Each structure stands twice: as structure tokens, then as C-alpha cells.
Amino acid sequence: MDAIADFLATYSTTFAIVGINALLALSVWLTLYAGQLTLGNAAFMAIGAYTSALLGRHLGAPFPLALAAGAVAAAALAAPLGLTVFRLRGVYLAIATLAFGEVVRVILLATPITGRGQGLNGIPPKTELWHIYLSLAVVAYVLWRVQGSIAGRAWAAIREDEVAAASQGIAVRRYKLAAFVLGALLAAWAGGLSAHVTFSIDPNDFAFTKAVQILVFAVVGGIPNVLGPVLGATVFTALPELLRPFKDYRDIFQGAILLAVIIYLPRGIVTLAELRKTRRLAEIGAADVA
Amino acid sequence: MRIRLLVTAATLAALVITACGGGTAAPSASAGASATAAGPLPDVKIGLATSKSGAANFYNPQQTQGAQLAVDQFNATGGFQGGRQKIQLIVEDDGSVRDQGITVFKKFIEQDKVTVILGPTLSAVAAGAHPVAQAAGVPVIAISNTGLGIVGKCDYGPCDWIFRASLGEQSAVPETVKAATSKLGLKKVVIIYGDGKFELDDLAIFRDAFKANGVTVAKEIPYRATDVDFAPFVTAAKAENPDAIVASSLAGPAGKILDEVAKQLPAKRVIGGNGLNSSALLPNANAGLMIVGTAWSKASTDKANQDFIAAYKAKYNADPDQFAAQSYTAMLVLIEAMKKTTRMSDKEQVKKALESVSLSATPLGAFSFTPEHDVKQPTFVMTVKDKQFVPFQ
Amino acid sequence: MFEQLYNAIFIGSIYALFAVGFALVFSVLDILNLAHPTVFMLGAFAALFAIATLGLPWWLAVPIAFVATGLFGILLDRIAFAPLRRRGAPPLSAMISSLAVTLAVVRVVELRYGGDFITFPAGTVPSFLIHVGGATLEGVRLAIIGLSIALMLVLTYLVRGTALGREIRALAENPRAARILGIDVERAIAATFFISSGLGGLAGVLLAFAYNSLDSRMGLPLELRAFTVMVVGGMGSLPGAVIGAYLLGLGEVASLVYLPAELRDAFAFGLLFLVLIARPQGLLGQRPADRI
Amino acid sequence: MLLETRQLSRTFGGVHAVDRVDLAVAAGQAFGLIGPNGAGKTTLINLISGHLRADGGSVLLDGATVTRLAPHELTARGIARTFQGVRLFKGLTVFDNVLVGRHARLRSDVVRRLVPRRSRADPDRERAMGLLERVGLRRRAGALAGELAYGDQRRLEIARALASEPRVLILDEPAAGMNPSESGRLRELMRALVAEGITIVLIEHDVGLVMGTCERVAVLNFGRKIAEGSPAEVRASAAVREAYLGAEDVA
């Protein structure tokens, strides 16, 4: 029993980061599901993290309120940004959102109240594991239900073909914007939670590497459903800890595993769990014939 | 689907457990070797969190080896309690990132139940990891954090469990500036600084130090971690016609600044913080331009230092650097403090003992902690000659 | 002023050599090759290996680094991109597989050479200074500028004037049509990677020579710049990438001289953002045809 | 008139792709639009369906101006279309394609779906199945749209367009790539739709199909309408002969 308690106490931060990364992966999943390749979620995460930490520090805002304020701030910024980049697709959108992310980072580096390059230190560790996992459960459930809804189908249709989607009566701009803003909201929420886990944040926590990392979680986990990003984030956050026995060779194994997954599991790790569903689809077809 | 998920989660958890078990398998064989009449006591466990991988991986293996050398030397003498209790050093990699650093600290505290933790390598990681130890009441000795807010007044509240054995820039920089000002007759300097925590801390300290010495800072030129060419910054500095350039930077950019100053501002010197104190800069043809305050001088002829260098060379077949000397010294000081306790694994006692510990002969010179738990030791103002750090005169 | 202009041209040349290869792969395969910074770094280390381990002179190390990184590029394609191409995976997958290769390769280099920056053995890198008025020009840098421009001219000839170049261009235009026309697509792709990575590696050697300093992460700062250069010049346009690179070099230096320190990078990325919104095809790119 | 265009125009870089075109399509009519390659037929359709903005002129639906409306708004008002070269949601199932086609007639169900409950008979799903039945794709409902044969894809696209319960159905070369028996069935389907009161605008290369299906035909050439009338009248028009029928064989 003691061993288990020690284990949980030791890896509580890892568990927290796993959950936060899963939230982040879901935030980018939302936009990917709607066909938008964004690299801006690290910046929204930063906005959530800094806003909530600063509100807590300077105004003594209660934790949930500070988190919510961070999320709303990110969403408020995402809306005009989403409208501006609405026309860009694929790599162009990725680079535009990346540029936005860098602008945010540079502003953080230059602003006295955000602590410039020194960041904010001594942020009280208010985030409990259950905050993170409750958020994750709620978000995953809602997204899972939304995926099968009319809105979810509309996002999928936009991803497949924007022009044809518009012809089916889908307000493409509105739906894309919704995905973008909701993704930002979610990323900022996760950012706020993360700032109160690790005591300290600085602008480099939210750089290009982070943006790509979030994307990797989602894509490697798999886009077909919400389980994918959660799995991807779990596996690739736990991996550095799991690979500890390999010591100096950790990064090499991690790279090899990443490569193997992207090549051999084209639809993500979730394919492993998904086989049954495809079979069920096949069964529907068969029943129909009979 | 749901069952599958559960199975996956359980497998994953099992993997984590086995992985950790594998990673920390304690070499407890040493306990039996020194059995005396009263029988051996369990080892005193000390954790070392260090960046073996990630952006700061170049502080190793020296940082680890320095501490290991001190432990091995001590265990060879028999250990505590009349040779019945040895030290076991547990080393974990923090990957140069904050959350792994926190996890390593928690592992030390919750799983390994260590008495003291040394590390982590980076100040940015320490900002996350130190509060964990502070909350748990485990003494920490910082062995390579030089910035602000590590000991004394910390952003996260009281930090009375944290000690620092690495010479802070608050101590080293003013000494450097004083020596440089008096010997070079400085009137006006330009500071070129980076955008990281370390560089910005240094910038603030330099600014104050020059003010105290009556030197004008004509311009402060920032560069970003992503800049690859430093010619434009030095060219911009040149326009101010300074007496010297100050590099508030890490070693990599510092090398480029040295090269550019040699080219564009012949005969001008480069004054730097601890970032320049890196053996990687020694091969640089223009390293002779630098003036830097360091915690350790290889050239110091103190017996303690020469013995350390010889022992290190004998064991690892390589020269030690400052990081080796600091982690070695931190371990010496810790052992000395532990000797003064009645129970080596009593954290409260160890903390008390650390507060009053004083060693007159270490590789870093006379060593003790200030009331704020910061290091009290001499500063060596150095420059480079023939690919060696030598005292600046 | 003259000195800063010279600084800008030098760094622009390095950016150009780096970004041209990046843009070449993008134009042909629509891939953002995140392993390109790694190739850049490998170029420098290949030269170090040639000089320090094999004892060769620097002027031989340069072509060796070019060939070595070129071959690595082909290997990279076989490992990370070809399997994805075969099943028609989206470009996003290629981005991630190149990232995976980067992770592993950087670590391999660190295990061999350590993580800190290192230098070439003393006296193996040429160094001489030229004084022009009040300015001091370094011979190596002048040579680098000259070599970069020459290489870009050669590349232009290669792409515009040779059979191989025609094949590469056909492939960039329309892979399916290229296949139907009987072009050996895999060979053309291999050639693309050889050229792209060779140039990237060369850029790495040259920068390492200029400062006599190399490390395992030296390529990373160039990644975002390559994006900027490509966007400003026009995605996939080679002349655009070259012009974009020099513009970026000039812009960076000019903003250092004329802008408040804090605004320097915000300016660069803000500009990038604006270009994307206002003129997504860049300076020389063609507007993607209306899709209906 | 149900659907009208008045002096509708659009230029691309100085070229008049559509030049002051007047069309009038009566309710319940099958209206044919023919013309040589590059005559501006598809551009005209894109202007009507809102995918392109007109430079001048107007589009009227049931007497109301709809020129500036976005595609999805037009779909909501009863204009549905298919695309030249088929634009299905290839990664979605056949069934989901039809459900997406029904988007304009559905009300958001997100909130409802958050509360789990036993699935009840869903009229929208039944309706979608009915449409698939009608175009002969019921058995393939669970397949991915991208896996269908080309002819099947065309029929799926029509079923998807019908799912929005359109008043006007615009078909852009629906018979392209179909074999004679398939295009025969297409002709029957179109007749049945007209009989149900759906107005059809048919752009087709297969002039025989147009002449055999449509009551009224307009001919475009170089962006201009050069003739309009019954199939017989159009056939007789000298301008058409010169510009179009002279160049191509009339089947």
C-alpha cells in the first residue's frame, strides 16, 4: 500500500502533465477535426497561464475564476484572429498561427508585468489532480458527444471539402471560427491549470516546440475520435519517464517510437483500439445486404 | 472499447512501475561490505538531480562525477558512525525541463526517501523543483544555480530548506566589475544580453555593479536565443565607442561575441558573468579577451584544490571543471555537516548543521553559508591564457 | 552603416542557403521538413569529422560535408518520407516523422561530441582579415558570401537548364502527370533531397567556419526563419526564398539599428503574419488557383 | 419565375466569363444549359449558388434578390447543387454524406446529445436512408464515400443535394463518366424529380440528354447567352449552329 502511495506521490506531477497534455491535445484535435492545421495553441496556452497566474497574484482572484478569465481572454483574442486567418489553409494556416504564437511570445519576453524572460516564479500550486482529470473527463465527454452531432458532422464535412460543405447549407466560416475559438479556450484552460502545477512559467515554455508537441500528441494519438488525442498525450508524456532505464539513449528510443507510430499506424495509436469499430461498420453493411 | 481503455491504462501504469523500479535499483551491496561488530546501518541516501539530457546536458558528466568522487572518497574511509553507515548517491536526469525536474524531486522524496537533494542543474528547473522540497522539508543544496531568487528571498515564499553552494552572480559580478574597472580604467561600457532568465538576472546585476563603480552603461543591446550571427550586435555596440563590452550571455553566444569584438573592436576586453566560465570557450582563439568572476580556479595552488584535481583525473581520466568542483565541494560540505549530527538521516538536524558548517579548505577555498543560506567563498576573477583559466591581473 | 549592410548580406547568405533547400523540398513534395535544421548541424559535424578525425584540410572538408549531408538527405527520405508517400499520407505526418528523426539524430551527435559547443582543432579553419576604411572584413565571411551566391546561381541553372531540373519542376507541378510522362519520380525525389540537404549542410559548415563553433542544436534557430523566408518569398519559390532570405537579413539588422530593442522580433513575426494575410502567395509565389 | 438572373456578369482578369446573362427558370421546369467548353456555364452556376461573387447584375429566387448571399444561405432558401467532377466528403460514410446534405433542415442537437438517452427512431436518418434507396446506394450506406465507383459517387452527390429538400436542383454535368444504362436511369430520376415539383437546372455536355429531358434550353458562348427556347427552337437557331452545333456533333 505504501509503495502505491509513494508511487502516486512521486508521479503526481507526471499524472498532472499527462492530463494537461491530453487537454491540449484535445484542443488541437478540435481544430484538426474541422480541417484546420493550427500551431497557435501554445500561445493560447500561454495566455491562459499568464492571465490566471497574474490575476491570482495581483488581484487575489479565486482559482476557478482566474482559470475562466484566462480561457475567456484567449477566446476573445482567438475570435478576431480566426476571422483574419479564415481564408488560409493547410501549411499557410499553420505558419500564420505560428507567427501569431511568436508575436505573443515576444510580447511576453518584453513586458515587465509578465516578468520578461525571467517569467513568473512562485505561482502557488493550486491545481489538484482532480481538477485536471475532471476537466479532461468533461471535455472528452462533450467532444465525444459533439463529434456525433450535427455540428460534429459539419466540422468533418468542412475538413473534407469546404466548398461542398458550404453547398450543404453549412455556415463554413462560423463553424471554423467556433472550432478555432473553442480550441483556444480549451488550450488556455489547460494553460491555466499547468501554470499552477509547476510553480513557474516563462515564455520559452510556450515556444514553437510546445506548439509542435501538442500537434504530435493529437496526430500520433489519432484524429478519428477523442480517444486518440488522449492516448497520444498519455503515451508521449509518459514516454520520457518510461524510457528512463535507457538513460542516455532515451531521446533515440523516443524518436524511433514516434517514427514507427507515424509510419505503421497511419491513423494513430487509437487504431489499435479502433479495430472493433471498423468491424461493426462492416457488419452494418452486411446486414443491409440481407 | 471501455474495457480496452482500462486495460491500456493498467498496462501503462504497470509499465511506469516496472520502469521506475528498473531505473532506481539501488546498489545496496556496499552496506554489507563494511560490517562491523555492531552491524551496518542502512545507507544515507542523497539525491542528485541533474540535466543529463536536454538543452543543458553539457554540464554533465562533470556535475555528476564531482559529487560521485566525494561520495566514493568518503565511503572508502568507512563512512559515518564508525564505519557503519555509508552514503548512497542516487542520480536522476531532469531532461533540462521543469516538470521532469519536479518529478525527480518527488521521486527522491517519496520513493527513495533521501535525506538531502543536490541540484537541479538549471535555475528555470529549480524554480519548479525547489518548492517541492521546501514543502516537504527536505534540505536542498543548489550546485549550479547562480541567478536571483534561489535562496534568501524566493518568489514562492519561505525557502529556508534551500542552500546554495554555487557562487551567485550577486557575489561574483560585483567583484569582477570592481577588478575590471580599476585595472582597465573603464568609463563607458555596452552590455549585450540574451533573453533568458540567467542572462536577464545577470543584466540587472551588471547594471547595479557598474553604477556602484561609477561606470556609464552607454547602451544595452538585447539578442534572442535564436540569433545566429552576432556581428550586428557588436557593430551596434561599436557605434557607442565603449571601453569594454559586457556579455551577459551563456557560453555559446559569448564565444561569438568574443570573436566579433576581436575583429571589430581590437584591444577591447569582454567582461562576462558565469556564462563565460565554461571550458568549452577555452579553445576559442579570442578567449584571452574575457574577464570573468568564477567560483573556482584550476590554477589555485591550495592543497585541497590540487588534491581534488589529481583525484578527479585519476578516477575519470579527464580534467575537472567548475561544475565538478562545485558539486564535489557541496558534497564535502554536506558530509561535514552530517558528521555533526547524531542521526544522518534526520533532515532537521542536517539543515541545522548545514547552517553552521564551515570548511577552511575546499577546492573552492574557505567555504560556509551566509544566514540567507547563500554560499560564502572567495571569487576568482579570471581570464584565459594558453587555453587555461588564469587569474586576471 | 556599411558594416551593418555587410553583416546583413552575410547572414542573408546563410539564411538563403538554408532556406533554399527547405523551399525546394516544400515545392516538390509539399513537406515542411523539420529535419532540415538537423541536416544543417550534421553538415558542420561532417566537416569536423573530416578535419579532426580524418585529418583533411578545410577545403576538402567542405565538399565532403556537402556530399555527406546530401546522402543523409536521401536516407532521411527513405526512412521518414518514402513510407508515408507510398500510402498518400497527409503532409502533416511527414512533418512529424521528420521531427522524430531530428530527436534521435541530435542525440546521437550529442553522445559522440557532447552537448556543449565545440571548435575545430586550432589552425584548421582559415582566417584572415581585410581592412576597408574603418571596417574590418573577414576573409572567410567574404568567401562565404561569394560561395553562397555562386551556389545559388548553380542551383538556378540546375533547376532551369538541365534535364534533371525539368524533371524536378514537372514533379513539383504535378506528380501524377510527371509519373505518366515517364519521369522516374523516386529518382527525381532522391535528387531533390540530395540537393536540398547538401545545401543545408553546406550552410551549416560555413556558419561553423565563420565562428569556429558548432553544437548539436545550432540548426534550431533557423527553423522559424526558414518559414519566414518561405512565406515572404512565396511558398516553394526558389528565387523567392533567396530574396526573402536577404530581406530577412536586412530586416533583422535594420530593426536592430532603428527599432527599440524589445520590438525587434515582434516586428519580424508581425510582418510575417501580415504578409500571410495580405499576400499569402508571397512576393514571387503564384496564387493558388481558385478551387472551383 | 422561380429562379432568374438579370444581366449577371463576372470577369476574370479582363475576360468576360459571364457577360450580362438573363435567365428565367419557371417552377417545376427542367431547364437545360449548354454551350461549348469554356462558355461560362460553370461560372454562371457558381454565381447562382453563391460560390462566386457577381461583378454586376442580380440573381432572384422567387422574386427576391439573393445575389449577395453566401452558399449556405442559398441552400437554406432552397438551392442545392452538385459539382462538376464530384465533390463528396470522401472520408465520411455514404450515409453521413447524405446526413450532412440535410444540414440546412436540421436544428442543433449538441445540447440534446449531452444527455445520454436511448436512441429513438430518427425521421432524419430514415429520410436519408430513403434517399439512398432511391439512388440505389442503400447497401453501401456504411462504406466510405471515397470507396464508391465513379457512377455511384455521382448518384450519391445527387442524393446528398436532395437531402436539403431543394426547390431548385442544379446539376453540373451529372452524366459525365456514366455508361448509357446509368445515364438512362439518371434521366428517369430527373423526370421523377420534376414530377414531384422540383425545378432542375441541368448543365450537360451530353446534348442528347439535355434535349431529351429539358423543356427549355439556354445556350452560352463566350459568356453570352446566344439562344434560348424549346429544344426544337434552339436546334433551329442559326447562332447556335454557327457557334456550337457546327463545331460538335449533335447526337
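In what follows, chains are A, B, ... by sequence order, proteins preceding strands, each numbered from 1. All of these numbers come straight from a predicted model, not from anything done at the bench.
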*Sub-4.5 Å side-chain heavy-atom contact between A:Arg153 and D:Leu106*: yes
*Would you mind telling me which of D:Gly91, D:Ser164, D:Ala76 has the largest number of heavy-atom pairs within less than 4.5 Å of chain A?*
D:Gly91
*List in chain and number order the residues that pass salt bridge (Lys or Arg N to Asp or Glu O under 4.0 Å) with A:Arg159, two or more places apart in sequence or in another chain; answer none if no residue qualifies.*
none
_Nearest heavy-atom neighbours spanning D:Val110 and A:Ser149_ = CG2-OG, 3.7 Å
_Among A:Ala156, A:Gly148, A:Ala151, A:Ala154, residue most engaged with chain D (heavy-atom pairs, under 4.5 Å)_ = A:Gly148
*Taking atom CZ of A:Arg174 as the centre, report whether more than 12 heavy atoms of other residues, nucleotides or ligands fall under 6.0 Å from it.*
no
_Other residues, nucleotides and ligands only: do more than 12 of their heavy atoms fall within 6.0 Å of CZ on D:Arg134?_
yes
*Residues in residues 62-72 of chain D that sit under 4.5 Å from chain A, counting heavy atoms only*: D:Pro71, D:His72
*Looking at CZ of D:Arg112 and CD1 of A:Ile150, how far apart are the two atoms once the value is rounded to the nearest 0.5 Å?*
6.5 Å
*If you round to the nearest 0.5 Å, how far is CG of A:Asp161 from CZ of D:Phe83?*
7.0 Å
*What part of D:Leu74 is in contact with chain A, defined as an atom under 4.5 angstrom from a non-hydrogen atom: side chain, backbone, both or neither?*
neither
*Which of these passes side-chain hydrogen bond (donor to acceptor under 3.5 Å, both in side chains) with A:Ser167: D:Arg81, D:Arg160, D:His103, D:His51?*
D:His51
*With no hydrogens and no angle check, is any side-chain donor or acceptor of D:Arg113 less than 3.5 Å from a backbone partner on A:Arg145?*
yes
